[in-house]
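Heads up: the structure comes next, in structure tokens.
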Amino acid sequence: MQVSAVAKYVRLSPQKARLLADQVRTLPIERAIDLLKYSNRKAALPVRKTLESAIANAEHNNNADIDELWVSQIMVDEAPTIKRFRARAKGRGTRIFKRNCHITVSVSDDPNPHRNRRV
């Protein structure tokens, strides 16, 4: 059983969120939440909220035992970028890119869900 949750249009660079997602991937949820709770990174809060939402979905919709869940998949995709201009010297302007991301977290009761999958 695999249950997921998605946070869309998070006002955070995908590159910064992927650094944290790589640390959390394939951990038991208790260790993943602890790691996210005490991390100093900006991405920790939205990733933790999405993980907690996936856990709540598994518990409420599938009657899963939350003590046996693992982070089976976590993806950070690029969302539309907000473009702004900043004034520069001699009447010029330069672009400022304010990047956004979509965070998808899937939890499963199997510690290694891709073990039996053929490539």
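Position 1 is the first residue of the sequence; numbering continues from there. Note that this is a predicted model, so its numbers are computed, not measured.
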Exercise. Check the pair Ile55 / Ile33 against side-chain contact (heavy atoms from CB on, under 4.5 Å), numbers first and verdict last.
Key: CA-CA 11 Å; Ile55 294 165; Ile33 289 175; 3.7 Å; yes
Quiz prompt | Val24 versus Leu35, closest heavy-atom pair with distance | solution = CG2-CD2, 4.0 Å
Quiz item: Are side-chain heavy atoms of Thr50 and Val6 found at a separation under 4.5 Å?
Solution: no
Exercise. Taking Arg99 for its side chain and Ala79 for its backbone only, find out whether a donor-acceptor pair lies under 3.5 Å.
Key: no
Quiz prompt | Straight-line distance of Glu59 CD to Ile66 CD1, nearest 0.5 Å | solution = 5.0 Å
Quiz prompt | Exercise: identify the closest heavy-atom pair between Val76 and Cys101 | solution = CG1-CB, 3.9 Å
Quiz item: Is there any ring-ring contact (aromatic ring centres under 6.0 Å, His included) pair reaching into residues 60-104, and which pairs are they, with sequence neighbours excluded?
Solution: Tyr9-His102
Self-check item: Minimal non-hydrogen separation, Ala5 against Asn57, with atom names
Solution: CB-ND2, 3.9 Å
Quiz item: In Å, rounded to the nearest 0.5 Å, how long is the span from NZ of Lys8 to CG of Asp77?
Solution: 9.5 Å
Exercise. Check for a donor-acceptor pair, side chain of Ser53 on one end and backbone N or O of Lys49 on the other, with a separation under 3.5 Å.
Key: no
Exercise. Only pairs at least two apart or in different chains count here, so list each salt bridge (charged side-chain N to carboxylate O under 4.0 Å, His left out) that has a residue in residues 15-28.
Key: Asp22-Arg25
Quiz item: Is the shortest heavy-atom distance from the side chain of Leu20 to the side chain of Ser39 under 4.5 Å?
Solution: yes
Quiz item: Does the side chain of Met1 reach to within under 4.5 Å of the side chain of Ser108, using non-hydrogen atoms?
Solution: no
Quiz item: Are the side chains of Glu78 and Thr81 in touch, meaning some heavy atoms are under 4.5 Å apart?
Solution: yes
Quiz item: For the residue pair Lys98 and Arg84, what are the closest heavy atoms and their distance?
Solution: CE-CG, 4.1 Å
Quiz item: Are Gln2 and Ser72 linked by a side-chain donor-acceptor pair shorter than 3.5 Å?
Solution: yes
Quiz item: Testing Ile103, Leu69, Val107 for side-chain contact (heavy atoms from CB on, under 4.5 Å) with Leu51, which one passes?
Solution: Val107
Quiz item: Measuring from Ile74:CD1 to Leu27:CG, what's the distance to the nearest 0.5 Å?
Solution: 10.0 Å
Quiz prompt | Side chain to side chain, Ser106 and Val3, heavy atoms closer than 4.5 Å | solution = no
Quiz item: How far does OG1 of Thr104 sit from CE of Met75, to the nearest 0.5 angstrom?
Solution: 4.5 Å
Quiz item: Does CZ in Arg41 sit with more than 12 non-hydrogen atoms of other residues, nucleotides or ligands closer than 6.0 Å?
Solution: no
Quiz prompt | Contact summary for Leu36 and Ala44, nearest pair of heavy atoms | solution = O-CB, 3.4 Å
